[in-house]
Engineer: 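My questions will all concern the structure given below.
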Amino acid sequence: MSLLWAVLSQVLSWTGLAAGLGAVVAVGTARLLARHAWYTYRLSCFSKPHANSWLLGHLGQMQSSEEGLLQVDDLVRTYTHSCSWFLGPFYHLVRLFHPDYVKPLLMAPASITMKDELIYGHLRPWLGQSLLLSNGAEWSRKRRLLTPAFHFDILKEYVAKFNTSTNTMHDKWRHLVAKGTTTLEMFDHVTLMTLDSLLKCAFSYKSDCQRSTSEYVAAIVELSDLVIDRRQKILHHWHWFYWKTEQGKRFRKALSIVHRFTREVVQKRRALISQQMKTESDLSTAPRKKKDFVDIILLSKDEDGRGLTDEEIQAEANTFMFAGHDTTASAICWTLYNLARHEHYQEKCRLEVMDLMEGRDRHAIEWEDLSSLPFTTMCIRESLRLHAPVQAVTRTYTQDMALPGHRTVPKGAICLVSIYGTHHNPAVWTNPHEFNPLRFGPKRTAERVSHAYIPFSSGPRNCIGQKFALAELRVVVALTLLRFRLTPGANPELGTGSGGVRRLPQLVLRAEGGLWLQLEPLIPHNPEELQDD
């Protein structure tokens, strides 16, 4: 090896490449250090927690673990509203956890708001230039084209699919309990249920993934795990390095499965719509199946009469599946967990659902029922505060952003809006670590300061699917409480107690070793409830 390097060095010296390469590296390093010094100076108006060194900064101090969340609690108690943070000379951040500081950033015009590459760049090979990752005029156009897909009239049709997928999950639970398995890990079951539900809503595709293996579903789960793994390894942030690793090769393989599935669905659906348009004078009024997500965005046109390309539609469909399944599953699991730990709130929700279902032969939640579950909705909202699925969102801006206290975030710096920190800030919430759904009664909600509660982010770039998520949450939680009594459980293999749940902040908030609950069936099984939509 030393001989090879000697020969290569000699060749480079003959061609003058060695000197040129050295100069390029030197110039690049000088620019990186100058940029680092500039951001350090510009961010000096923010308090800075102890750093490992002037160069490495807080590299390695951010942890995706229970300890990482406790660290955020310490930062909130110490700095109240914000602090600066940097990861080596590469990434310069401002961490924000107070409504007064969060609001100007999230409410900034979309034209100056950008998605940074630190958090979102690793998703680009999977999700392309979708609404989640695009910026500027491109984002504005896509937001307008996608908004009809989340209209109330469309959500009404999805509620039946939520019921069917939930019924399938509950049928599995009954069979497991009948066989003696009364303690179940929620994330395994609920994630498959939300994927099943989304496949029906997005593609009208009945995968039966809750009962049998699905290559597509397995690929989505693996992609999510690999994104988490990549984020935690700084060298894997560079594409040229990552694609050569074993994880990168696994990512490409899973990616090809997901993209092939979506591409085939979109192409077949466009061909079907094109054929229908040839034979039907008015596609919008002609009798046909209920529209799913792909149908709606295929038919959507902007003010110039242009729609989305097949590639753009595939990106949005992939984003709908990615963003919709894991976040909603996390919200459902933690809501059930919080109600299992607070029996009196669980019973009050159950009575509310029982009153709603009184006199009905078939236990199904209708669209019109969602507004008749006020206390259950309060419990869901409190769980979204205490255990928000997404712990933070990040933004960069094309101009300097003024904040209270004569502080300024320089353009290009990453603003990490801590949803967890804001939701657990004792300067904003009384006893922030306690589960208290009464916080979301009408009076206290009206009195709450703006941007104290942001589980779906806020402003022009808020979550476009939040009404979809809340509708599914209410359906699943209501039907679960109607059919099962929940109590805290323990991992049967580890024997951990009910008080030992350790939070695990990844792409969404999960639990180390799973989230285990004990189930007690309450009502007889009704086969009619398993009828597909």
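All values below were derived from every heavy atom in this structure, side-chain atoms included, with hydrogens, water molecules and symmetry-related copies excluded.
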Engineer: Run C349 and L339 through side chain to side chain contact (heavy atoms under 4.5 Å, CB included) and show every step you take.
Structural biologist: CA-CA 9 Å; C349 290; L339 290 172; 4.3 Å; yes

Engineer: Nearest 0.5 Å, please: how far is NE2 in H98 from CG in L403?
Structural biologist: 12.5 Å

Engineer: Using side-chain hydrogen bond (donor to acceptor under 3.5 Å, both in side chains), reason through D73 and H424 one step at a time and then give a plain yes or no.
Structural biologist: CA-CA 7 Å; D73 289 332; H424 293 78; 5.4 Å; no

Engineer: Look at the side chain of N163 and the backbone N and O of I365, then say whether any donor-acceptor pair between them is shorter than 3.5 Å.
Structural biologist: yes

Engineer: Between F261 and Y205, does the ring centroid distance fall short of 6.0 Å?
Structural biologist: yes

Engineer: Once rounded to the nearest 0.5 Å, what's the spacing between atom OG1 of T80 and atom CG of D100?
Structural biologist: 11.5 Å

Engineer: Looking at P426, is its backbone amide N or carbonyl O close enough to the side chain of T430 to form a donor-acceptor pair, meaning the two atoms are under 3.5 Å apart?
Structural biologist: no

Engineer: Okay, side chain of K467, backbone of L155: is any donor-acceptor separation there less than 3.5 Å?
Structural biologist: no

Engineer: Under the 3.5 angstrom rule, does the side chain of R385 hit a backbone N or O of H423 as a donor-acceptor pair?
Structural biologist: yes

Engineer: Under 4.0 Å between a Lys/Arg side-chain N and an Asp/Glu carboxylate O for R485 and E520?
Structural biologist: yes

Engineer: Does the Lys NZ or Arg CZ of R448 fall within the cation-pi geometry relative to F440 - under 6.0 Å from the ring centre and within 45° of the axis?
Structural biologist: yes

Engineer: Heavy-atom distance under 4.5 Å between the side chains of C201 and F162, does that happen here?
Structural biologist: yes

Engineer: One thing to verify: whether E303 and R144 come together as a salt bridge, which I'm taking to mean a side-chain N less than 4.0 angstrom from a carboxylate O.
Structural biologist: yes

Engineer: When rounded to the nearest 0.5 angstrom, what is the spacing between SG in C379 and CG in L473?
Structural biologist: 12.0 Å

Engineer: Does a side-chain heavy-atom distance below 4.5 Å link Y345 with N338?
Structural biologist: no

Engineer: Verify whether the ring centers belonging to Y158 and W367 lie closer than 6.0 Å.
Structural biologist: no

Engineer: Quick one: closest heavy-atom pair of G324 and L198, and the distance?
Structural biologist: C-CD1, 3.3 Å

Engineer: Minimum heavy-atom separation for M378 and G441, please, with both atom names.
Structural biologist: CE-N, 3.7 Å

Engineer: Less than 4.5 Å apart, any side-chain heavy atom of L416 and any of S418?
Structural biologist: yes

Engineer: Yes or no on side-chain hydrogen bond (donor to acceptor under 3.5 Å, both in side chains) for R461 and N135, after CA distance, side-chain angles and deciding distance?
Structural biologist: CA-CA 10 Å; R461 297 207 63 152; N135 297 298; 3.1 Å; yes

Engineer: Counting distance only, does the side-chain N/O of Q391 pair as donor-acceptor with the main-chain N or O of A388 below 3.5 Å?
Structural biologist: yes

Engineer: Test V190 against V476 for side chain to side chain contact (heavy atoms under 4.5 Å, CB included), laying out the working first.
Structural biologist: CA-CA 9 Å; V190 176; V476 178; 5.7 Å; no

Engineer: Under a 4.0 Å N-O cut-off, is there an ion pair linking K200 with D196?
Structural biologist: yes

Engineer: Give a yes-or-no answer on whether the side chains of R483 and H170 include a donor-acceptor pair shorter than 3.5 Å.
Structural biologist: yes

Engineer: Kindly indicate, with the supporting measurements, whether the criterion side chain to side chain contact (heavy atoms under 4.5 Å, CB included) is fulfilled by M354 and L481.
Structural biologist: CA-CA 9 Å; M354 291 174 66; L481 296 182; over 6 Å; no

Engineer: Side chain of E434, backbone of N436: donor and acceptor closer than 3.5 Å?
Structural biologist: no

Engineer: Using 30° and 60° as the class boundaries, would you call the ring planes of F320 and F293 parallel, tilted or perpendicular?
Structural biologist: parallel

Engineer: If every non-hydrogen atom of P99 is compared with every non-hydrogen atom of A452, which pair is closest and at what distance?
Structural biologist: CG-CA, 3.6 Å

Engineer: Using a strict 4.0 Å threshold on nitrogen-to-oxygen distance, state whether R360 and E366 make a salt bridge.
Structural biologist: no

Engineer: Would you say the rings of Y337 and F435 are close, in the sense that their centroids are separated by under 6.0 Å?
Structural biologist: no

Engineer: I'd like to know if the side chain of T147 reaches the main chain of R143, judged simply by a donor and an acceptor atom lying under 3.5 Å from each other, with no hydrogens or angles considered.
Structural biologist: yes

Engineer: Less than 4.5 Å apart, side chain to side chain, heavy atoms only: is that true for M169 and L192?
Structural biologist: no

Engineer: Does any part of the side chain of V428, heavy atoms only, come nearer than 4.5 Å to the side chain of T422, both counted from C-beta?
Structural biologist: no

Engineer: What closest approach, in Å, do L146 and F150 show between heavy atoms, and which atom pair accounts for it?
Structural biologist: O-CD1, 3.6 Å

Engineer: Anything under 30° is parallel, anything over 60° is perpendicular, the rest tilted; go ahead and classify W429 against Y453.
Structural biologist: perpendicular

Engineer: With side chain to side chain contact (heavy atoms under 4.5 Å, CB included) as the test, would you mind laying out the steps for Y397 and C415 before giving the verdict?
Structural biologist: CA-CA 9 Å; Y397 297 88; C415 296; 3.8 Å; yes

Engineer: For E352 and T376, which I'm curious about, is there any donor-acceptor pair between the side chains at under 3.5 Å?
Structural biologist: yes

Engineer: Please round to the nearest 0.5 Å and tell me the distance separating atom CG of L509 and atom OH of Y420.
Structural biologist: 9.0 Å

Engineer: Can you find a heavy atom in the side chain of L336 that is under 4.5 Å from one in the side chain of L517?
Structural biologist: yes

Engineer: Could you walk me through whether D326 and R510 pass the salt bridge (charged side-chain N to carboxylate O under 4.0 Å, His left out) check?
Structural biologist: CA-CA 10 Å; D326 231 6; R510 302 177 73 88; 3.5 Å; yes

Engineer: Between S130 and K142, is there a side-chain heavy-atom distance shorter than 4.5 Å?
Structural biologist: no

Engineer: Between E316 (side chain only) and L131 (backbone N and O only), is there a donor and an acceptor less than 3.5 Å apart?
Structural biologist: yes

Engineer: Under 3.5 Å, is there a donor-acceptor pair between the Q129 and E138 side chains?
Structural biologist: yes

Engineer: Is it true that R444 and E447 have a side-chain N and a carboxylate O under 4.0 angstrom from each other?
Structural biologist: no

Engineer: Quick check against the 3.5 Å criterion: does S458 have a side-chain atom that pairs as donor or acceptor with the backbone of L106?
Structural biologist: no

Engineer: On a heavy-atom basis, which atom in G514 and which in E185 lie closest, and how many Å separate them?
Structural biologist: CA-OE2, 3.3 Å

Engineer: Do side-chain atoms of S82 reach the backbone of L96 as a donor and acceptor pair under 3.5 angstrom?
Structural biologist: no

Engineer: Mind running side-chain hydrogen bond (donor to acceptor under 3.5 Å, both in side chains) on T394 and D116 for me, showing each step along the way?
Structural biologist: CA-CA 7 Å; T394 57; D116 65 276; 2.3 Å; yes

Engineer: Would you sort out whether E67 and R502 count as a salt bridge (charged side-chain N to carboxylate O under 4.0 Å, His left out), showing the intermediate values?
Structural biologist: CA-CA 9 Å; E67 286 73 23; R502 285 171 53 85; 2.9 Å; yes

Engineer: Grab the two heavy atoms, one from F187 and one from S330, that are nearest each other, plus how far apart they are.
Structural biologist: CE2-CA, 3.7 Å

Engineer: Can you tell me if R95 and Y101 form a side-chain donor-acceptor pair at under 3.5 Å?
Structural biologist: no

Engineer: Is R350 paired with D355 through a side-chain N to carboxylate O contact shorter than 4.0 Å?
Structural biologist: no

Engineer: Once you round to the nearest 0.5 Å, how far does CD of Q518 lie from OG1 of T182?
Structural biologist: 4.5 Å

Engineer: Taking 4.0 angstrom as the limit, do D292 and R269 come out as a salt bridge?
Structural biologist: yes

Engineer: To the nearest 0.5 Å, what is the distance between SG on C463 and CG on L470?
Structural biologist: 9.0 Å

Engineer: Measure the shortest side-chain to side-chain distance between N318 and W126 over non-hydrogen atoms and say whether it is less than 4.5 angstrom.
Structural biologist: yes

